[in-house]
Amino acid sequence: MSEPMMAKAYNPHEVETTLYDWWEKQGFFTPEQQLNSGLADPAQPPFVISMPPPNVTGALHLGHAITSSVEDMLIRYHRMAGNPTLWVPGTDHAGIATQNVVERQLEKQGMTRHTLGRERFVQEVWDWKDEYHGRITAQQRRLGISCDWTRERFTLDEGLSQAVLTAFVQMYEEGLIYKGNYLVNWCPRCMSAISDLEVDYEEVTGKFYTFRYPLADGGYLEVSTTRPETILGDTAVAVHPDDERYRQAVGKTAIVPVLGREIPVIADAYVDPEFGTGALKVTPGHDPNDYEIAKRHNLPMINIMNKDATLNEAAGKYAGLDRYDARKELWADMQAAGLVVGAKEHTHQVGHCQRCNSVVEPLLSEQWWVKMQPLAEPALEAVRSGAVQIVPQRFERVYNHWLENIRDWCISRQLWWGHRIPVWYGPDQTAFAAHSTAEAQAKAQAHFGRSVELVQDPDVLDTWFSSGLWPFSTLGWPAQSKDFATFYPTSVLETGYDILFFWVARMIMMGLKFTGQPPFHTVYLHGLVRDEQGRKMSKSLGNALDPLDLIAQYGTDALRFTLLTGGTPGNDIKLAENRVEANRNFANKIWNAARFVIMRLEDGAPEVDGSDPNSPLYLLPPNDLLNLPDRWILSRLEAVRQETTRLVDNWQLGEAGRQLYEFLWNEYCDWYIEAAKVRLNEDTAVEAQATRQVLAFVLEQSLRLLHPFMPFVTEAIWQNLPGVGQGAPDNAGSSPVAEGDRPQARALIVTRWPAAGERRQETAETDFGRIQEIVRGIRNVRSEYDVPAPKRISALFSASEINDLLTENLPLLIALARLDAAETLVAAELVAPSKAATLAAAGATVYLPLAGLVDLAAERKRMQGEIANIDRQLGRIESMLNNPGFTGKAPAEVIEREQSKQAELQGRRVQLAERLSEL
RNA sequence: GGGUGAGUAGCUCAGCUGGUUAGAGCGCACGGUUCACAUCCGUGAGGUCGAAGGUUCAAGUCCUUUCUCGCCCACCA
């Protein structure tokens, strides 16, 4: 195949979709294909992630981008490590959210769901789902996620619906699901109950109204409220039992203003005498605390509100008014009646519907509930025992606290979009939970002894009910499927910490309940993506960055790398656009380094190891052909391989990425490639060839290490490497060869993560470090003396102990420090020229005559500064080494390091001082 | 009220198990037509690591107190 010339700059858009389609078509995302191709080792445990399903009608945002980046990183890493790897994608029907979207759409056409009727409305939502499903999944593909699309699921699929039915019926039969009339959080806009978690509390400045509650036998009590309309539902006034002020009032009768209803004055310890007037109006139908008080005192509970937050007949003359209008009118009437004491500003927490931001009302209503305590216990134990580990660990406390104080979960929603509650009622309201109408009928028949007409419960389940089953329902449960047997429990559940309760805790509870096992062994929580000022990104603030825009501007890899390396686990990340840009530059940098290497490989192809697809693509030359830079970069590569592997295994993904960045840019590009040029240009053919192989070897291994972080640019480069051969995207799908006969394509995505090498050479690192120190020192002097960059200068090295090192690597020094070869000399000892800048580095003294440029006074000053700097450091070290506490207690290794540093500094000091005295 | 995270260079952040002169990117200054890359190269300036105590031979890193900001949970009418 003809090698396509690599473009001068990396263009993400030329490769991303092509590569993605090719990967997908090749089947690399499926565990079956990984096993068939020999990448995955059947002896290794599978690595499985259930993808948090995005809302099917949602649009991609940075939350999805960070989730995808982290999960795809883990998936690619484990796939390369040889685990059969499965990442199950899917979408969520997102009950209220989706229904609201469609309802808003209907509204624009002057319709409501009721004008359409249930069946047609649900059909309408399905149409939406079909339209938008393609959009969200296409957007996810742009992120490069290597999930197994052949196993994609939707929460309202047949299979997942079966899971929901099974779970519901079983829990119902065990008494874990029950129906009851309780106070719920009611959203008057959604016209549905919502769970505690779906209520967001916001601080609101309202009014604190104080008024007189008349007593039947004269007098009054002063009482305060933030919601005067609830007076209409009062069934008592309560005071603290020990409150002297109100002792006589207890037992008396109060009169509800306007309505004239008689209610008792009671004593209850809940009342805080310090707060307000110390007397509390009790509205059991519209306040959770009052509800509890009412239960203790057997008070009646009055519901004054309709489901749309207008008042009902119980409100007397206010019936039909909206809650806020009623508030005003009632207050005006009270004022007229002389009952008003006053109203002052008051800030307090008010519950809002998470989905539509309406103010939520506590309302008495009959709903379905899950009994949580019995589910919470095992879920707590799973984390306590370590069967489930949460990363970062601090979230375990949050998790524990929530589960220890858990309350029953309201799971019924008065919506049409979702899993309809599988309960049918007979003529006498007897309830039958069943998997189907037919089964319900059979149950009813058995119960009544005859066939009766059944009516199914109209409500649907909270969308998080089906989400709780996701890790196993997507694998086929309740059927005993092969996938379930093979891939359950999954490995890691990765998501943002904001849905720890909504989703993660419920999955653990449901997983333990229905499969007897925790659904995953690790929970990895990432932070939330915020704007540069740390604010939440939102449409209304207009500060939301669109991941698709960022991808269009900088490429997918740049965005992914930024999200992966821009923060630390569990902490929010403030996304600065210039970091994305910097990482775009990084992708380009690698691209160009590769371009250079590949061009040079045209002078002599490197030896390819074709024997084992799991070993490095290129062979290394024999040791005796390796020079210092070769040995150095190989040693560094091995160190970085070890470090990144360790870091990824310890969930320090960002740190791993940052290390690769620094290795590739600051070591491979800045030093090794520059050093390699010397040998490629000047040495013998055999040596040049050896260097070409090292260049190729290190590049190829680095691409593997970087691939999970930057999948596209690494694969694009890899496909251009000589020896990769056929299989490039150009051939994908269009080959006339039958599927089975086509040679297995080679792709970076299915190469092995580099295995441990034996190339670590501390001496090479020390020696090359000396060269670097000297080169940097010379560059520094050049810069200080304003030597024009292209100008070659003469240099005299009085090398003493590193004479051999410098002699051997003289061409390297000449090239990197831009020395004049004809006027450069290395010797163990040489006489200092009279007029030269002097540098003490790495044990050598370097004289740079810099004809005509050296100003002796300036040079003296420069050296004095240098000596002062050395003295500062020496002072620090000496006080350490003179401290018996240090020498007695510090590890030998640390002491040795300080000693050798001291020796080196003293050496340099002597060199500089000698020179200074000569000047 | 309880819990928790953050406070490190002008900005955005690293610094993982305490041990070289605390790092990066961007920005800034100076210099660059070095045959991969100006999405680049070289050099440099810039930090009492929020504050105060303490533990330790040694603290940005551990402990206590404290200040500022953020988030989560919680029934104060």
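Letters go in sequence order (proteins before strands), and every chain restarts at 1.
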A.B. asks: Can you check whether A:Lys574 has a side-chain N or O nearer than 4.0 Å to OP1 or OP2 of B:C13?
C.D. replies: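 Yes, because at least one side-chain N or O of A:Lys574 sits under 4.0 Å from OP1 or OP2 of B:C13.
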
A.B. asks: Is A:Arg584 side chain donor-acceptor paired with the B:U39 base, going by distance under 3.5 Å alone?
C.D. replies: yes

A.B. asks: Is A:Arg579 close enough to B:C13 that one of its side-chain N or O atoms is under 4.0 Å from OP1 or OP2 there?
C.D. replies: no

A.B. asks: Could you tell me whether A:Asp670 contacts a base, only the sugar-phosphate backbone, or nothing, with contacts defined as non-hydrogen atoms closer than 4.0 Å?
C.D. replies: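 Answer is sugar-phosphate: A:Asp670 comes under 4.0 Å of backbone atoms only.
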
A.B. asks: Examine A:Tyr213 together with A:Phe211 and report whether their ring centres are nearer than 6.0 Å.
C.D. replies: yes

A.B. asks: Indicate, with a heavy-atom threshold strictly under 4.0 Å, whether A:Glu893 touches base, sugar-phosphate, or nothing.
C.D. replies: nothing

A.B. asks: Counting only side-chain nitrogens and oxygens, does A:Trp671 get under 4.0 Å of the OP1 or OP2 atom of B:C41?
C.D. replies: no

A.B. asks: So, does A:Thr565 get its side chain near the phosphate of B:C13, meaning an N or O under 4.0 Å from OP1 or OP2?
C.D. replies: no

A.B. asks: Any donor-acceptor pair under 3.5 Å joining the side chain of A:Arg779 to the base of B:U43?
C.D. replies: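 Side chain to base: no pair below 3.5 Å.
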
A.B. asks: Taking atom P in both B:C69 and B:A74, compute the distance separating them and give it to the nearest angstrom.
C.D. replies: 24 Å

A.B. asks: Give me the distances for all protein-to-nucleotides 7-9 of chain B N/O pairs that come in under 3.5 Å?
C.D. replies:
none

A.B. asks: OP1 or OP2 of B:A77 sitting under 4.0 Å from any side-chain N/O of A:His348?
C.D. replies: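 For B:A77, OP1/OP2 do have a side-chain N/O of A:His348 under 4.0 Å.
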
A.B. asks: Please confirm whether the ring centroid of A:Phe275 lies under 6.0 Å from the ring centroid of A:Phe208.
C.D. replies: yes

A.B. asks: Using only side-chain N and O atoms of A:Asn585, determine if any of them is under 4.0 Å from OP1 or OP2 of B:C40.
C.D. replies: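 Looking at the OP1 and OP2 atoms of B:C40, one of them is under 4.0 Å from a side-chain N or O of A:Asn585.
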
A.B. asks: Give the nucleotide from the list B:C37, B:U34, B:C16 with an atom nearest to the side chain of A:Lys589.
C.D. replies: B:C37

A.B. asks: Using the P atom on both, measure B:C41 against B:U33 and round to a whole Å.
C.D. replies: 16 Å

A.B. asks: Touch check for A:Pro884, heavy atoms < 4.0 angstrom, all strands: base, sugar-phosphate only, or nothing?
C.D. replies: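 Answer is nothing: A:Pro884 stays at 4.0 Å or more from every strand.
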
A.B. asks: Say you pick atom P in B:C11 and the same atom in B:A51; how far apart are they, in whole Å?
C.D. replies: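 Straight-line distance between the two P atoms is 16 Å.
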
A.B. asks: Nearest-Å distance, CD (A:Glu643) to P (B:A14)?
C.D. replies: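 In whole Å, B:A14 P and A:Glu643 CD are 18 Å from each other.
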
A.B. asks: A:Val271 side chain: which of B:G15, B:A77, B:A36 is closest?
C.D. replies: B:A77

A.B. asks: Is A:Glu674 side chain donor-acceptor paired with the B:A36 base, going by distance under 3.5 Å alone?
C.D. replies: yes

A.B. asks: Using atom P of each nucleotide, how far apart are B:U55 and B:C16 to the nearest Å?
C.D. replies: 24 Å

A.B. asks: Under 6.0 Å from the ring centre and within 45 degrees of the ring axis: does the NZ or CZ of A:Arg779 meet both conditions for the six-membered ring of A:Trp671?
C.D. replies: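 Here A:Arg779 passes the 6.0 Å and 45° test against A:Trp671.
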
A.B. asks: If you measure only the distance, is there a donor-acceptor pair under 3.5 Å linking the side chains of A:Glu198 and A:Gln354?
C.D. replies: no

A.B. asks: Quick one: does A:Tyr270 reach the base of B:C75 with a side-chain donor-acceptor pair under 3.5 Å?
C.D. replies: yes

A.B. asks: Between B:G44 and A:Asn780, is there an OP1 or OP2 to side-chain N/O distance shorter than 4.0 Å?
C.D. replies: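 Answer is yes, contact under 4.0 Å.
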
A.B. asks: Measuring only the C1' atom in each nucleotide, how far is B:G15 from B:G53? A whole number of Å is fine.
C.D. replies: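 Approximately 25 Å lies between the C1' atom of B:G15 and that of B:G53.
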
A.B. asks: Would A:Lys677 pass as a cation-pi partner of A:Phe596, given that its NZ or CZ must be under 6.0 Å from the six-membered ring centre and within 45 degrees of the axis?
C.D. replies: yes

A.B. asks: When the P atoms of B:G50 and B:U68 are compared, how many Å lie between them, rounded to an integer?
C.D. replies: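 It comes out at 16 Å once rounded to the nearest Å.
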
A.B. asks: Say you pick atom P in B:U8 and the same atom in B:G47; how far apart are they, in whole Å?
C.D. replies: 14 Å

A.B. asks: Is the closest side-chain donor-acceptor distance between A:Lys207 and A:Thr226 under 3.5 Å?
C.D. replies: no

A.B. asks: For RNA chain B, whose closest nucleotide is more 5', that of A:Val894 or that of A:Pro288?
C.D. replies: A:Val894

A.B. asks: Between A:Arg584 and A:Asp557 (salt bridge meaning N to carboxylate O under 4.0 Å), is one present in this structure?
C.D. replies: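 Salt bridge: no.
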
A.B. asks: Would you indicate which nucleotide in B:A36, B:C76, B:G5 comes nearest to any side-chain atom of A:Asn571?
C.D. replies: B:G5

A.B. asks: Taking it one step at a time, do A:Arg908 and A:Glu904 satisfy salt bridge (charged side-chain N to carboxylate O under 4.0 Å, His left out)?
C.D. replies: CA-CA 6 Å; A:Arg908 271 173 66 193; A:Glu904 194 232 306; 3.7 Å; yes

A.B. asks: Can you find a side chain N or O atom of A:Lys8 that sits less than 4.0 Å from OP1 or OP2 on B:U39?
C.D. replies: no

A.B. asks: Counting side-chain heavy atoms from C-beta on, which of B:G15, B:C71, B:A77 comes nearest to A:Arg658?
C.D. replies: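 When the side chain of A:Arg658 is considered, B:G15 is the closest of B:G15, B:C71, B:A77.
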
A.B. asks: Tell me which one of A:Thr565, A:Asp572, A:Asn571 satisfies side chain to side chain donor-acceptor pair (under 3.5 Å) with A:Thr568.
C.D. replies: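 Output: one option passes, namely A:Asn571.
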
A.B. asks: If we take the C1' atom in both B:A45 and B:G10, what is their distance in whole Å?
C.D. replies: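 Result for the C1' pair: 12 Å, nearest Å.
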
